[in-house]
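In the text below, chain A, chain B and the rest are named by the order of the sequence lines, each starting its count at 1.
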2 protein chains.
Amino acid sequence: MKNNCSLCDYKSAAAQKLTPDELKNLAPNCVTVKFKKGDTIIRQGTYSTNVAYLKKGLVKIHIDGPYHVQVVRIVKPRNYLGLPTTFGDKINQYSVTAIDESEVCFIDITTFRQMLQMNPDFTNQIMLELCKSELESYQKCVNRTQKQIRGKLADVLLDFADNIFKADTFTINVTQEDLGNLVDASRESVSRVMAEFSKDGIIEMKGKQVKILDKTSLQLISKKG
Amino acid sequence: MKNNCSLCDYKSAAAQKLTPDELKNLAPNCVTVKFKKGDTIIRQGTYSTNVAYLKKGLVKIHIDGPYHVQVVRIVKPRNYLGLPTTFGDKINQYSVTAIDESEVCFIDITTFRQMLQMNPDFTNQIMLELCKSELESYQKCVNRTQKQIRGKLADVLLDFADNIFKADTFTINVTQEDLGNLVDASRESVSRVMAEFSKDGIIEMKGKQVKILDKTSLQLISKKG
DNA sequence: GTTTTTTTGTGATGTAAATCACATTAATTT
DNA sequence: AAATTAATGTGATTTACATCACAAAAAAAC
């Protein structure tokens, strides 16, 4: 589907720095594609020929590790998916899969590079995002390797509530196995800890819907447990 | 110590893209500082006011985690230390400590931003490095969380030999505790595994000097163990 | 609406590695 | 050189999870 980028309601912070002319030039060089739950958006090991940008929906970024899959993170709209690959390596180092119905805008790499070349404000914003995400990934790695499962699951639930869904009741469209891969735990352990949280009145579960009842406990567990 | 950047023998890949004029302008806006083993170069939690660039020596980047310190990585010369902080956050998210006598060039942040604003080739190179390091840190995180200690230690030894020292005999100026923090293991476990590697004739240890005798085994352990 | 597949729940068992507790050696300091 | 302090080596014990092995429930396919 062809775009009119100037009128796009989902512009990235970086794209908002583009001039009307630059936006006009961008439009014929990007396409929006819809994905259904479970669809692969980017596949690890394949060539990266476009910059991908998430307009709507929810996706997971995941890497095939030596033993299991690791879900690196869940990404919400208005974020680029895989910028580092675009510049750092021609081959995708990770996969991206839709976990809800999603819309992704694929931008031609040459056009993207031109924008970087021409517009320092755009570049600056992109660099800012790159840096932030790198810092975040350092922090996440420390948490992943040092906290134990209860703490990591508490983190994830808080992240969903505060950052992704911005609501204390939400529906996570991923399996417990996915959650396990997100916190480096087995699906059995996720099941047990979630049951424990329910029993302790910290959360309430109805199928895939989660309601956070006691955020303070969750924050405590995130820190101490 | 004031610099003459034009004549500097340790220019980064990015700085090599600068024009003579830009280099001349850079010189009065950066200082080179020497550090001894154990000296703190950047301290987590403090304000970042400069871009740091490693000219000589060897340093470790480390983060205070919820339970222990995590050594994120060992960095060798001609690399920026903490670029992400410079843009992503004003407060240093990690510490950098010299593990050998080192020389670090501190570049004024405003000057650095000017160079980014003015010289797209410079910017491009910086972005490339940012992206590569982000991809690398994803991969490292997967390894850290999935491999077991023998595999992770094998990785580290191979990294030292192949990337850092570029020799099969080298002296690692860090304690086993540091190595533990680098592979997320206790110092006792590091001691045990290193002893095991020695016994099996894979490496030879004389104090802090390590000689790799059987790289093939090490590569195998890195993959399978 | 039945069947098949996927996802979840829960106990029993196994295990890698942490922790604890010292002994020993090496490196600094005085 | 002697005295501290820091770094290592090694066994015994504990532990947080993984893994295994099913059963039950839910979702998807037919």
Let me know the distance between [atom1] of [X] and [atom2] of [N], rounded to the nearest Å.
| X | N | atom1 | atom2 | answer |
| --- | --- | --- | --- | --- |
| A:Glu196 | D:dA16 | CD | P | 12 Å |
| A:Leu153 | D:dA16 | CG | C1' | 14 Å |
| B:Gln146 | D:dC17 | CD | C1' | 15 Å |
| B:Met205 | C:dT25 | CE | P | 15 Å |
| A:Met194 | C:dT10 | CE | C1' | 16 Å |
| B:Lys206 | D:dA7 | NZ | C1' | 20 Å |
| B:Glu188 | D:dT13 | CD | C1' | 13 Å |
| A:Gln148 | D:dT15 | CD | P | 12 Å |

Would you say [X] places a side-chain N or O within less than 4.0 Å of OP1 or OP2 belonging to [N]?
| X | N | value |
| --- | --- | --- |
| B:Thr175 | D:dA7 | no |
| B:Ser189 | C:dA18 | yes |
| A:Lys208 | C:dT8 | yes |
| B:Gln176 | D:dA6 | no |

- Message: Is it the case that the side chain of A:Gln93 and the backbone of A:Ile91 share a donor-acceptor pair, with hydrogens and angles ignored and the cut-off at 3.5 Å?
- Response: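 Present.
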- Query: How about A:Glu134 and B:Ser133: does a side-chain donor come under 3.5 Å of a side-chain acceptor?
  - Reply: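 Side-chain D/A pair, A:Glu134 to B:Ser133: present.
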- Message: Regarding A:Tyr80 and A:Ser12, do their side chains bring together a donor and an acceptor under 3.5 Å, going by distance alone?
- Response: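 Yes, side-chain donor-acceptor contact under 3.5 Å.
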- Query: So, do B:Cys131 and A:Leu83 sit near enough that their side-chain heavy atoms are less than 4.5 Å apart?
  - Reply: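 The answer is no, as the side chains (C-beta and beyond) never meet within the 4.5 Å cut-off.
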- B:Cys30 side chain reached by B:Cys5 side chain, heavy atoms, under 4.5 Å: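 B:Cys5 reaches B:Cys30 side chain to side chain.
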- Query: Hey, which of these two, B:Glu177 or B:Arg192, hits DNA chain D nearer its 5' end, going by closest nucleotide?
  - Reply: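 It is B:Glu177, whose closest nucleotide lies nearer the 5' terminus.
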- Where the side chain of A:Ser191 is concerned, which of D:dT8, C:dT19, C:dG9 is the nearest nucleotide?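 Nearest to the side-chain atoms of A:Ser191, counting from C-beta on, is C:dG9.
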- Message: Does A:Arg187 contact C:dT6 through a side-chain donor or acceptor facing the base, at a distance under 3.5 Å?
- Response: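 Per atom types, no contact qualifies.
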- Assign A:Asp178 to base, sugar-phosphate, or nothing according to its heavy-atom contacts below 4.0 angstrom with the strands shown.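 Here A:Asp178 touches no strand at all.
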